[in-house]
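What follows is a set of notes on a single structure, which appears directly below.
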2 protein chains.
Amino acid sequence: MVTLAEVAQHAGVSASTVSYVLSGKRSISANTRQRVERSIRELGYHPNAGARALASSRSNVIALMIPLRTDMYVPVMMEIAIAVATTARTHGYDVLLLTGEEGPDAVRRVAGSGLADGMILMDVELDDERLPLLRGGGPAARAESRVGDDQPAVLIGLPADTTGLTCVDLDFKATGALCVEHLAEHGHRDIAVIGEAPAVYERHTGFAERTLDGLRGRARELGLRLLHRPCEGGYDAMAVTLARILDERPGTTGFVVQNESAVEPLLALLRQQGRAVPEDVSVVAICPEQVAVQASVRLTSVAIPAQEMGRRAVEQLVAKFEGRGGDEVVLLAPELTVRASSGPAPGRP
Amino acid sequence: MVTLAEVAQHAGVSASTVSYVLSGKRSISANTRQRVERSIRELGYHPNAGARALASSRSNVIALMIPLRTDMYVPVMMEIAIAVATTARTHGYDVLLLTGEEGPDAVRRVAGSGLADGMILMDVELDDERLPLLRGGGPAARAESRVGDDQPAVLIGLPADTTGLTCVDLDFKATGALCVEHLAEHGHRDIAVIGEAPAVYERHTGFAERTLDGLRGRARELGLRLLHRPCEGGYDAMAVTLARILDERPGTTGFVVQNESAVEPLLALLRQQGRAVPEDVSVVAICPEQVAVQASVRLTSVAIPAQEMGRRAVEQLVAKFEGRGGDEVVLLAPELTVRASSGPAPGRP
DNA sequence: GAGAAGCGTCGAAGCGCTTCGACACCCGCC
DNA sequence: GGCGGGTGTCGAAGCGCTTCGACGCTTCTC
């Protein structure tokens with residue numbers, strides 16, 4: 001293993017000079033810099049992460065807490081995770097992967113041990129038990145038992161109370177509203193919402209409820225009828241859900257789907273029942289782009305900007321490290337892409 | 001931030017004693033241990049990871065390299081990653097998430113900097129460029145430019161040459177054979193294989209080719225006709241692929257599918273063409289359990305044991321850390337679960 | 001009852017790096 | 001020609017922990 005000292009000796013300078021070449025925190029003459037860089041290359045030097053962390057009390061690591069469950073919106077999670085990892089690298093950070101398993105203890109452990117400089121939390125619940133540890137800022141919060149002095153953190157998702165927190169998320173309320181608007185414009189009056197699995201609502205993962213808020217609010221404003229039904233993914237569950245919906249509201253012509261694994265089953269079932277999409281029935285999905293494009297009918301959809309969310313989260317966090325920008329809620333504006341699954345309601349031009 | 005020294009002072013012992021209480025590397029009287037543990041609790045002490053790594057030259061971190069692509073077998077990747085993370089925690093390790101993006105450089109960086117004690121690589125290609133850096137053991141290898149002195153590593157996947165490497169994977173060759181056998185037993189004579197996307201074969205990700213080996217070998221032995229067609233996921237691609245297959249081999253009654261995102265489209269298309277599953281046509285999938293269960297027809301399938309793979313990879317790696325066990329190839333035996341998508345060929349009891 | 005053998009604890013020496021203050025030197029200026 | 005102010009480099013002091021050898025005490029053995 002090559003050390004700083006060896007590089008210094010090889011280049012004929014002192015250790016501190018090598019360090020300054022590496023960090024750029026003091027000016028170094030071009031000549032010296034080149035000699036040092038050459039030595040680094042020749043010896044194949046890599047700075048020791050532990051020593052660095054110890055001396056500088058910065059680990060250059062970002063912790064990412066992902067949910068333990070692998071049963072829902074997996075592709076979204078994965079995309080976010082990858083976006084976080086790659087974006088972090090461009091800022092010189094590595095990513096530590098934590099699962100929700102440990103719960104709040106993981107926050108304490110990571111913060112306390114200096115394993116990471118900050119953390120990004122995914123799948124935040126409305127009243128997440130990890131939040132009290134993370135709130136910064138407010139004088140009220142200061143008094144509480146928080147982690148050391150500010151463990152910088154960014155949430156992907158939106159808890160009920162965002163005081164002292166930085167959050168990044170899609171604006172799900174606007175997303176809901178957008179879907180309803182689109183269907184309303186095409187003359188649909190009776191809309192059914194295929195929601196996430198009941199468990200998602202029970203956990204109070206905010207996004208599902210916020211979407212519902214948006215859907216309901218807009219429907220009310222526009223005078224539409226809206227029926228919401230949670231749905232486990234899969235064909236069987238969807239069959240049951242759909243039957244109930246059509247039983248209760250036979251006149252339904254517009255569907256909004258927020259459960260990836262219900263999308264294809266829904267299309268199959270509609271087809272099977274002789275309801276053509278988009279001639280008889282319109283479907284709008286809230287899902288990753290790829291799902292929308294690969295479905296058996298190319299779906300009109302609001303994309304979940306997973307990459308963007310991951311990227312923004314990292315950037316917010318890095319900004320915090322650098323003392324820039326404080327607590328902030330970043331809500332990404334939804335964009336609805338019209339594809340082949342939606343059109344005028346029957347009997348409308 | 002609380003330090004070891006503060007704990008020591010609080011407990012009225014020396015720093016080294018506290019350290020030994022923590023590590024258990026020397027015997028400590030029950031009395032002293034309790035005093036120390038109490039102080040640790042009262043002060044909320046967390047050992048500093050950097051200092052620890054520096055002093056012990058062990059980081060207690062495992063690096064996990066996942067593929068950058070988010071376009072295929074995502075759920076499998078995610079499940080493996082989560083299994084790795086949770087298993088690692090039970091052994092006292094954290095997981096550093098690396099994307100394939102950096103390529104071999106990531107291996108050098110992590111190994112050289114002591115960021116991790118070892119690594120797990122996913123999505124290994126047959127002749128992966130990261131491998132030369134990782135081979136241990138063999139005297140021939142010793143001569144090559146390897147990373148320091150052995151960066152312990154475990155691959156998930158199986159490269160062409162496994163000398164000096166430890167690998168964990170599903171036995172895809174046996175998997176292929178198993179699928180063919182199942183169909184053969186039911187009297188199917190003409191079998192079509194819907195493979196992964198062409199890109200997967202071009203990259204020489206071994207698993208796809210090994211599956212094909214198994215399929216072909218067994219088909220030859222049993223005298224069956226086998227047609228293999230790669231297929232991008234999605235409805236449209238599947239439609240084209242299926243049309244070609246049925247054009248070329250109209251008598252096809254058995255399908256083996258190895259592409260998650262082709263499964264549902266295939267079922268939909270068959271249905272649409274009036275071919276009943278399993279009465280007219282049998283389908284066997286190689287996919288995660290959940291996909292098989294959630295499909296519109298409950299699929300006979302060989303499950304991809306993602307969790308098991310992640311767990312085993314970590315255990316192999318930890319064994320290496322502890323000097324136990326050398327290079328080894330762990331191939332998990334496939335298990336075929338019969339569900340509702342396969343049965344006797346038409347005209348067979 | 002003296003010596004051997006453990007056991008439990010301590011002190012000190014680093015691990016490889018960052019960073020602060022000091023210092024030498026060179027430039028330009030009055 | 002001396003002085004102020006940059007600029008580039010160095011030395012040394014830690015960062016918080018692990019670990020080795022040493023040491024004193026108790027217990028055992030003959």
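Throughout, protein chains are lettered first and strands after them, A, B, ... in sequence-line order, and every chain is numbered starting at 1.
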Separation of [N] [atom2] from [X] [atom1] (nearest whole Å):
X	N	atom1	atom2	answer
R26(A)	dC20(C)	CZ	C1'	7 Å
M1(B)	dC17(D)	CE	P	7 Å
L54(A)	dA13(D)	CG	P	17 Å
N31(B)	dG8(C)	CG	C1'	11 Å
I28(B)	dT18(D)	CD1	P	13 Å
K25(A)	dG8(D)	NZ	C1'	18 Å
N60(B)	dG16(D)	CG	P	19 Å
L22(A)	dT19(C)	CG	C1'	14 Å

Taking only the side-chain nitrogens and oxygens of [X], find out if one of them lies under 4.0 Å from OP1 or OP2 of [N].
X	N	value
S19(A)	dT18(C)	yes
T17(B)	dT9(C)	no
S57(A)	dC15(D)	no
S16(B)	dG11(C)	no
S14(B)	dC10(C)	yes
Y20(A)	dC17(C)	no

For this session: Select from S27(A) and L4(B) the residue whose nearest nucleotide in DNA chain D is closer to the 5' end of that strand.
Result: S27(A)

Problem set entry | Under 3.5 Å side-chain donor-acceptor pair for S56(B) and R58(B) | no

Seminar exercise, completed: Contacts of R33(B) and A51(B) projected onto DNA chain C by closest heavy atom; the upstream (5') one is R33(B)

For this session: Would you indicate whether D127(A), at its atom CG, is surrounded by more than 12 heavy atoms from other residues, nucleotides or ligands within a distance under 6.0 Å?
Result: no

For this session: Taking atom CD of E125(A) as the centre, report whether more than 12 heavy atoms of other residues, nucleotides or ligands fall under 6.0 Å from it.
Result: yes

For this session: Going by the side chain to side chain donor-acceptor pair (under 3.5 Å) test, name the single residue among E315(B), Q316(B), E308(B) that passes it with R312(B).
Result: E308(B)

Problem set entry | Main-chain N/O of V61(B) paired to D94(B) side chain as donor or acceptor, under 3.5 Å | no

